[in-house]
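These notes concern the structure reproduced below.
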Amino acid sequence: MLDIRDLTVGFGGDAPVIADAGLSVGAGERLLVCGAAGSGKSTLLNVVAGIVPRLVAAPVFAGSVTFRGRPMAEFSRDDLFTAIASLAQNAEDQIWDLNVEDLIAFPLENRGVAKAAIRDRLQALLTEMELGALRGRRVLTLSGGERRMVAIAAALAAPPQLLVLDEPTTGLDPAARRRLVRLIGKLAGEVPALVMSEQDPAALETVVDRVALLSQGRLSAIRPAADLMPHQAPWIEAGILPPRRKSVPQRGFAAGNPLLTVGRIRTELKRADGRAVLEEVGFELKAGEVVGLIGRNGAGKTTLFQSILGLSKIREGSISIAGEKADGWTPARRARQVAYLPQNMRRILFNMTLTEEVAFAMTAKTGTPDAAVAEKARAMLAGYGLGALAEANPFSLSARQQALLGLACAEAASVRVAILDEPLLARDIEGRRLLDRFLDAMLSAGNAVMLISHDLELIDDVASRTLILEDGRIAFDGATREGWTSRAFRELGWPAPYANGRGEAA
Amino acid sequence: MSALYDLNFFVKLACAFLVMFVAWLVPGWVYGLPLSVLAVVFLWAAKTPGFRAYLKGAVLLTLLVIASWTVNLLIQGMPVLAAVQVALGMAARLVTTTAAFYFVMETSSPGSILAACSALRLPPIVTLVLSLTFGMIPMLREDFERIADAQRARGMEIDAVSFPTRLRFALARGVPLLVQAIRTAHAISLSLSIYGFDLKRKRTTWRNVGLLVEPRFPLKEEKR
């Protein structure tokens, strides 16, 4: 069905993003491409999806790409994107301000499908993917995981012959991930071929036949998934945390004084049923602690950090930062003590160079920084591997580089508390190393970190304490590894991390 | 208010044009001012999203129009009272007009506009232009607010500062807003391509469209 030979793609850098890659996917096959962040997965999948070079030009493009026996370039745009449906790594890149039903039905409406048939398809997809509760909502107001599920439903609306999913499980909670895997398993009759990419192969191992590893633009030989999964070396060589790794012992820092106290807050923001998004939420974050925060998509995690920063109003309760009541503080004053790093860093960048972003974190002033501040900013950037990009525009960076920039800014800002919202860079070896560097820097300086993530292995590795937020309330607050056997966790219905064993480093 | 929001986009648009014509046809400030007040009260009563932001903009617009028209007419030799009355009438017309179209913009999602256009079997280019024109402005306004929140979340003091400083910071949001607008345009363009939008093919819609546009898909189990 799809045949790629000698593919080389470059976007003007020193080395091509993809070099001499080849792969083929036949009818009935499901291929998983795994690689560390920046390895070229998205570029490869965009070629498979027909987006590069058809919609996004690449200065360097060589090799042959054939689909159903014909060069892809010979297909009309309409024929090509009817036969191939895709989901971008960042779902925001392909959605706009439509309602949930509008986005799912969009491919069918555009192709003139009759109303009755569209409504039947909507009924089937909303039910199958359990998206009924999101009907009528604007896609851009959904959480990252919800948004991704809706974008996947849109890709499936007109059943394609080839489905291309770039990191489909990113941002999904384990229950949504399980629903997605079940759906992919059922697609065999509807969608003949599937190509996916992931940094975390374990999530999809039950629904793929073959795996290719991508490292620095070079694609390995394709191997049966069952052969590759149990091994450690091939994954480590590709820079990826092995899917069946064991848990690592947690590094201990003694917990000190409370740095952030959330005192039984109730938000003004309400759910559709009229209840407050957060009800009587209370906890402490102490110096030297990494605290994990987990909960279903839509549980209120985003509203929690917005309340802490004063961006969302609270009706009852109080917030204290570093021992002082912060209820009367402006968001900016709170932010000078509490750094927030969202999953999508683009939302909080607004300076024109990386140096200016870090300098802003240090001084809260925009514009060209003075020489001493600029020097410190460049040193901080170098520590996170961004030294060569110091004068680049932050919006030109990849998602991974932006996440690293966020860590550099938070460390430079000398904040007491950092809130990391789904730091996706932690899924590969180098990203985990840089995240560990950040955590060490924060904790050794007597600060604290809150880690919001659906990556339960990451929480298990680094968080000494975990909070479970369920339906706007803290349902569990205790030692992380006790959390996996708690009633609150059982009620989530999620699999506990490291089902394969504990106690040994990867 | 849900039914008002769910009114067919073209019905809302026709009403807005009607209000605008009335605002420009009534003579002077005596009728214009009550009409503009009525229009603003309607926005408030209808719980129009972003009402406070509109109000700030309307106050700024009113002050600028009154000041510039009064000065202009005084230079031309008109008596002060007459000049102020003419300026007031002009400001009232503008407030009424902007209020009417603000309601249409804020309560019509791109999806409901697409549905209304598709139900009328309008050419795809008209559908696209209308959806983007009326759909993008609220999006950009929200982006503007999101950038302000990002600045606050990064420690930039934009609340407890003087009005001129606040205005300067607001202007500084122009560059990231431009970047965001370009990104949005790219996302829309990609979305149209991969989801099969074709200028040569008329669209259909999943919604039932009449005087009202169906806002939400009813699941079968919900109907039972």
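Atom set for the values below is all heavy atoms of this structure, side chains included, hydrogens, waters and symmetry mates excluded. Lettering of chains follows the sequences in order, A, B, ..., and the numbering in each one begins at 1.
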Neighbour count above 12 (heavy atom, 6.0 Å) for W44(B) CH2: no
Rounded distance [0.5 Å steps], CZ in R201(B) versus CG in N110(A): 7.5 Å
Heavy-atom pair with the smallest gap, counting every atom of G155(B) and F360(A): C-CZ, 4.5 Å
Plane angle bin for F106(A) and F197(B) - parallel if under 30°, tilted between 30 and 60°, otherwise perpendicular: parallel
Residue pair L126(A) / L219(B), side-chain heavy-atom distance below 4.5 Å: yes
Region of L114(B) in contact with chain A, defined by heavy-atom distances below 4.5 Å: side chain
Most contacts with chain B, counted as non-hydrogen pairs under 4.5 angstrom, among N351(A), L311(A), V415(A), V338(A): L311(A)
Candidate pair I118(A) and F217(B), rule side-chain contact (heavy atoms from CB on, under 4.5 Å), full reasoning: CA-CA 11 Å; I118(A) 301 177; F217(B) 180 75; over 6 Å; no
Check: R135(A) side chain, R216(B) main-chain N or O, donor-acceptor pair, under 3.5 Å: no
Engaged part of L103(A) at the chain B interface, taking heavy atoms whose separation is under 4.5 Å: side chain
Heavy-atom proximity to chain A below 4.5 Å, by part of L132(B): side chain
Closest heavy-atom pair and its distance - Y195(B), A154(A): OH-CB, 3.8 Å
Proximal component of N208(B), with respect to chain A [non-hydrogen, under 4.5 Å]: both
Region of E145(B) that comes under 4.5 Å of a non-hydrogen atom in chain A: neither
Any donor-acceptor pair under 3.5 Å from T204(B) side chain to K115(A) backbone: no
Top contributor to chain B contacts, counting heavy-atom pairs under 4.5 Å, from R336(A), Q306(A), R137(A), R333(A): R336(A)
Nearest-0.5 Å distance, CG of residue L349(A) to CD of residue Q151(B): 11.5 Å
Best-contacting candidate, I158(B), I194(B), D159(B), L190(B), against chain A by heavy atom pairs under 4.5 angstrom: I194(B)
Donor-acceptor contact below 3.5 Å, side chain R152(B) vs main chain G310(A): no
Top of A157(A), P107(A), A88(A) for chain B proximity - count of heavy-atom pairs under 4.5 angstrom: P107(A)
Best-contacting candidate, K202(B), E157(B), R146(B), against chain A by heavy atom pairs under 4.5 angstrom: E157(B)
Ionic contact status for R207(B) with E101(A), cut-off 4.0 Å: no
Between A105(A), A335(A), A114(A), the one whose heavy-atom pairs under 4.5 Å with chain B are most numerous: A335(A)
Leading residue by heavy atom contact count with chain A [cutoff under 4.5 Å; candidates A160(B), A153(B), S109(B)]: A153(B)
Atom pair CG (D78(A)) and CG (D198(B)), whose distance is rounded to the nearest 0.5 Å: 5.5 Å
Between CD1 on residue I188(B) and CD1 on residue I95(A), distance to nearest 0.5 Å: 11.0 Å
W329(A) atom CH2, over 12 foreign heavy atoms within 6.0 Å: yes
L192(B) side, atom CG; Q94(A) side, atom CD - distance, nearest 0.5 Å: 12.0 Å
Residue pair K220(B), D120(A): steps toward the side-chain contact (heavy atoms from CB on, under 4.5 Å) verdict: CA-CA 10 Å; K220(B) 277 179 186 157; D120(A) 285 347; 4.0 Å; yes
Separation of L98(A) CG from I113(B) CD1 (nearest 0.5 Å): 10.5 Å
Atom CZ of R52(B): over 12 foreign heavy atoms under 6.0 Å: no
Proximal component of D79(A), with respect to chain B [non-hydrogen, under 4.5 Å]: neither
Interface residue of largest heavy-atom contact number with chain B, from N393(A), L140(A), L122(A), under 4.5 Å: L122(A)
Side chain / backbone / both / neither for P215(B) at chain A, heavy atoms under 4.5 Å: backbone
Minimum-distance pair of heavy atoms, taken over all atoms of E109(A) and T205(B): OE2-CA, 3.3 Å
Interchain contact, L108(A) with chain B, by part (heavy-atom threshold 4.5 Å): backbone
Under 3.5 Å donor-acceptor, R77(A) side chain and S193(B) backbone: no
Atom of A332(A), atom of M156(B) and distance for their closest heavy-atom approach: CB-O, 3.2 Å
